[in-house]
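Worksheet for the structure shown next.
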Amino acid sequence: MRTHARRPLGRPPSFAFTVTVVGAPRIAQARHRGGKNDVTQGNILVGPEVIEAVAKRFEASEGTPHHLADRLITALKAGFVPGGPPPRDRTRKPGAARYRTKPHADARFPRATPPSRPMSMRRSLPLALFAGTLLLTPALAAAQQPTARDTARTAPAARPADVESIDAILRAVYDVISGPAGQARDWNRFRSLMAPGARLIPTGKQPNGVGVLRMWTAEDYIANAGPQLERSGFFEREIGRKLERYGNVVHLMSAYDSKRALSDPTPFARGVNSFQLFFDGTRWWVVTIYWEAETPGNPIPPSLLFAK
């Protein structure tokens with residue numbers, strides 16, 4: 001294999017240690033960091049703090065119930081905070097690569113080819129995320145597809161009463177996110193309900209009427225929605241349901257209403273949660289929660305509401 005003399009090269013072998021080759025002569029900005037099971041490299045990045053932030057976030061996710069693809073993307077996003085505009089005298093294009101040793105020794109998060117002019121980490125990173133996601137996701141999905149046996153090893157232990165039935169896991173989901181202002185939620189209980197790789201997907205509309213959605217992991221939900229729930233108070237309850245089941249797979253539409261306090265006379269929001277659930281033979285898991293808030297032009301149909 002022939003490489004450019006100044007281009008950094010990293011390889012995380014499947015045995016014992018990682019290897020980083022920086023080439024000669026090495027430009028000052030071509031930084032790298034080797035971990036126990038990973039190598040992080042970058043050229044023309046904004047100081048070593050970017051490499052450090054990406055590496056630390058990835059290593060902190062070791063042992064969590066998340067797919068490798070999600071861990072890589074989350075790690076690269078950590079570079080947003082320390083990233084900034086490059087100095088004017090930089091002539092090479094910015095780039096970053098992330099490697100993982102175990103269990104996929106040769107899995108590489110490739111560098112996207114950036115435009116011809118230098119960009120800040122904040123602008124170039126989404127390109128790497130996009131390209132890396134396209135290339136990694138198919139292979140990782142096959143290699144790390146969660147199984148019923150995997151879940152018991154990776155998720156926090158659930159309360160048996162929370163996961164013994166469809167009714168139980170629905171009650172647990174609504175209960176764990178609900179509470180008065182200032183009360184911390186039991187996020188480990190929340191995690192215990194979620195299958196590895198579970199998705200939470202809020203939807204809405206832009207001012208121009210175009211529909212949008214966000215794809216969140218359980219950790220994304222905790223980070224993005226959790227502070228608001230705890231700060232302002234939030235109580236959500238189920239007000240209707242329509243269920244379909246085939247074998248161990250369940251889809252149900254669960255209508256809800258939301259209040260800031262239980263004493264509020266009327267809810268501030270209503271909508272429908274679309275749940276996908278899975279039964280592994282011993283307990284139930286949440287695979288997806290996908291929801292849309294009610295609007296005047298899109299009321300909840302009576303067929304999804306409990307009879308009064």
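Start at 1 with the first residue, then count along the sequence.
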Rounded distance [0.5 Å steps], CG in D257 versus CZ in R270: 7.0 Å

Flag, side chain of S274 to backbone of W291, donor-acceptor distance under 3.5 Å: no

Heavy-atom pair with the smallest gap, counting every atom of E230 and R185: OE2-N, 3.0 Å

Minimum heavy-atom distance between E164 and A161, given as atom pair plus value: CG-O, 3.9 Å

Residue pair R245 / F279: nearest heavy atoms and the distance that separates them: NH2-CD2, 4.5 Å

Spatial distance of atom CD1 (I300) from atom OG1 (T295) [nearest 0.5 Å]: 10.0 Å

Residues E292, V272; criterion side-chain contact (heavy atoms from CB on, under 4.5 Å); working and verdict: CA-CA 6 Å; E292 182 171 351; V272 174; 6.0 Å; no

Closest heavy-atom pair and its distance - V163, A158: CG1-CB, 3.9 Å

Heavy-atom pair of closest approach, residues Y256 and N273: CD2-ND2, 3.4 Å

side-chain contact (heavy atoms from CB on, under 4.5 Å) evaluation trace for N298 with K205: CA-CA 12 Å; N298 187 31; K205 285 188 177 181; over 6 Å; no

Side chain proximity check, R260 to F235, heavy atoms < 4.5 angstrom: no

Cluster overlap V173 with I239, hydrophobic side-chain contacts below 4.5 Å: no

Straight-line distance of R199 CZ to R214 CZ, nearest 0.5 Å: 15.5 Å

Geometric class of the F190/Y221 ring pair [parallel <30°, tilted 30-60°, perpendicular >60°]: parallel

Electrostatic pair E238-R171, nearest N-O below 4.0 angstrom: no

Heavy-atom side-chain proximity of F275 to V250 below 4.5 angstrom: no

Residues E236, S178; criterion side-chain hydrogen bond (donor to acceptor under 3.5 Å, both in side chains); working and verdict: CA-CA 6 Å; E236 190 164 277; S178 298; over 6 Å; no

Joint cluster assignment, V287 & L193, ILVMFWY side-chain distance < 4.5 Å: no

T74/T217 under side-chain contact (heavy atoms from CB on, under 4.5 Å): CA gap, chis, key distance, verdict: CA-CA 10 Å; T74 301; T217 65; 6.0 Å; no

Backbone of R283 reached by a side-chain donor or acceptor of D280 within 3.5 Å: yes

Any L277 side-chain heavy atom under 4.5 Å of V286 side chain: yes

Flag if over 12 foreign heavy atoms under 6.0 Å of OH, Y246: no

Side-chain (R241) to main-chain (S254) donor-acceptor, under 3.5 angstrom: no

Contact summary for Y174 and A255, nearest pair of heavy atoms: OH-O, 4.1 Å

CD1-CG distance between I169 and D162, expressed to the nearest 0.5 angstrom: 8.0 Å

Between OG1 on residue T203 and OH on residue Y290, distance to nearest 0.5 Å: 6.0 Å

